[in-house]
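Data first, discussion second: the structure below is written as structure tokens.
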Amino acid sequence: MTDSSSEKRPQTINVPRFAAAKGQRKLSMVTAYDYLWAGIYDEAGVDSILVGDSLGMVVQGHKTTLPVTLEQMIYHGEMVARAVKRALVIVDLPFMTYQVSPAQGVENAGRILKETGAAAVKLEGGVHQAATIRALAEADIPVMAHVGMRPQSVNKFGAMSKVQRDEELLLADAKAAEAAGAFGIVLELIPRSIAGKITAEISIPTIGIGAGPECDGQVLVSCDMLGLSGFQPRFLKKYADLRSTVITATRDYVREVSDGTFPDAAHSHE
Ligand code: KIV
């Protein structure tokens, strides 16, 4: 028996389809960290959901992403992957789960794919992570690279908000990631002219965050995009003001409970 309704459903996004979108259409990506929100973003039609280690900051309240563990990424990744029907789910390899050696990276990325159901992992780095990217690709673990501002290298850069402007270095990182077998690259906080050059010179999709419109796609941290966090860098466009909406709704609830207007007859069983 065939399911005729499936013909109308948009195609699921797997790694080859994601990569093949380059030059055909722009790719959209947002972060998600749990079942509830991942299902909403998937229903809204986003191409890819990144279980970012930004969860260390936006969910756990740390100042950097460095404290996030592999077990935590697996915990969140599994919830996200369970909710998603269409989008490509990518899970970040957190700090110190791949930097020691390519073998460490393969072992930990393998755990992510086995235990979460995600289709790919992301790691930070280009030239210096080429051996690990190659080892992952050779183990058939799809890997996305992340160059430019790399939050896991905050102690080297000195700040998270520093725009990276060394064109030679950025191009070398992107080309090394591509040559090693990455299927895509996040470009974070770099001038749009350099992002445009990288995008034109490599054959895999570039996904920008603070890297301008010339990239093949865009990613935003969902809590920032929805106006839930107080974060407001120049590159961020807020598509909603959910923080105010939630505060107003919660205040209304508190007031109605305290003055006895809720629950009323309509919300009570006789
Ligand atoms: O961890 C994260 O959310 C990310 C995105 C900002 C690209 O790496």
Side-chain angles (χ1 to χ4, degrees), residues 13-31 46-50 52-54 87-93 98-99 102 105-106 109 113 118-153 156-157 162-221 235:
I13 311 289
N14 56 25
V15 169
R17 285 185 189 130
F18 184 91
K22 184 170 176 104
Q24 303 300 312
R25 66 183 185 86
K26 295 271 189 178
L27 290 158
S28 56
M29 180 189 285
V30 291
T31 65
V46 73
D47 291 309
S48 177
I49 295 183
L50 172 67
D53 62 355
S54 51
L88 177 68
V89 178
I90 303 171
V91 176
D92 265 346
L93 277 162
Y98 61 93
Q99 285 91 343
V106 171
L113 260 53
V121 296
K122 177 168 78 60
L123 58 69
E124 296 184 10
V127 170
H128 294 131
Q129 290 305 329
T132 298
I133 293 170
R134 178 161 289 112
L136 289 167
E138 283 173 358
D140 294 338
I141 297 175
V143 55
M144 175 170 270
H146 181 153
V147 309
M149 169 59 210
R150 289 174 278 113
Q152 291 176 16
S153 302
K156 174 182 159 184
F157 292 134
K162 234 179 178 169
V163 179
Q164 302 300 302
R165 299 180 182 277
D166 188 331
E167 181 171 326
E168 209 179 310
L169 203 83
L170 292 165
L171 258 171
D173 270 340
K175 287 187 174 176
E178 178 191 25
F183 74 92
I185 305 188
V186 166
L187 303 178
E188 180 162 356
L189 267 194
I190 70 173
R192 64 181 285 186
S193 57
I194 300 179
K197 195 160 185 195
I198 292 172
T199 301
E201 290 195 18
I202 64 174
S203 61
I204 56 176
T206 57
I207 308 298
I209 174 162
E214 281 82 12
C215 299
D216 296 308
Q218 295 293 319
V219 57
L220 284 176
V221 171
F235 69 79

Can you check whether Ile133's main-chain N or O pairs, donor with acceptor, with Tyr98's side chain at less than 3.5 Å? no
Could you grab the distance from atom CD1 of Ile194 to atom OG1 of Thr199, nearest 0.5 Å is fine? 11.5 Å
Rounded to the nearest 0.5 Å, what separation is found between the CD1 atom of Ile190 and the SG atom of Cys215? 6.5 Å
Taking the side chain as every heavy atom from C-beta outward, state whether Met149 and Val163 have any atom pair closer than 4.5 Å. no
Report the residue from His146, Arg150, Gln164 that forms a side chain to side chain donor-acceptor pair (under 3.5 Å) with Glu188. His146
Just so I know, are the side chains of Arg134 and Pro102 near enough to count as touching, which here means a heavy-atom distance under 4.5 Å? no
Is it true that a side-chain atom of Ser48 and a backbone atom of Met29 form a donor plus acceptor pair closer than 3.5 Å? no
Sort out for me which residue in Gln152, Gln129, His128 forms a side chain to side chain donor-acceptor pair (under 3.5 Å) with Gln99. Gln152
Keeping Asp173 on the side-chain end and Val127 on the backbone end, is there a donor-acceptor pair under 3.5 Å? yes
Can you tell me how far CG of Asp53 sits from CG of Leu123, rounded to the nearest 0.5 angstrom? 11.0 Å
Of the non-hydrogen atoms in Val219 and Ile209, which two are nearest, and what is the gap between them? O-CB, 3.4 Å
Backbone N or O of Ile204 within a donor-acceptor pair of the Lys22 side chain at under 3.5 Å? yes
Nearest 0.5 Å please: distance from the CD atom of Glu214 over to the CZ atom of Arg192. 4.0 Å
Measuring from atom CG of Asp216 to atom CD1 of Ile198, what distance do you get when rounded to the nearest 0.5 angstrom? 11.0 Å
Tell me the closest heavy-atom pair linking Gly125 and Val147, and the distance in Å. O-CG1, 3.8 Å
Kindly check if the number of other-residue, nucleotide or ligand heavy atoms within 6.0 Å of NZ (Lys26) is above 12? yes
Got Phe18 and Ile207 here, is their nearest side-chain heavy-atom distance under 4.5 Å? yes
Backbone N/O of Phe183 and side chain of Glu178: donor-acceptor pair under 3.5 Å: no
Distance in Å, Leu136 CG paired with Leu93 CG, rounded so as to fall on 0.5 Å steps: 7.0 Å
For Leu27 and Asp47, work out which heavy atoms get closest and say how close. CA-OD2, 3.5 Å
Any donor-acceptor N/O pair, Thr31 side chain to Leu50 backbone, under 3.5 Å: no
I need the minimum non-hydrogen distance between Val89 and Ala118, along with the two atoms involved. O-CB, 3.6 Å
For Ile185 and Ala174, the nearest pair of non-hydrogen atoms, with its separation, is CD1-O, 3.4 Å
Give the minimum heavy-atom separation between Ala211 and Ala195, together with the two atoms involved. O-CB, 3.1 Å
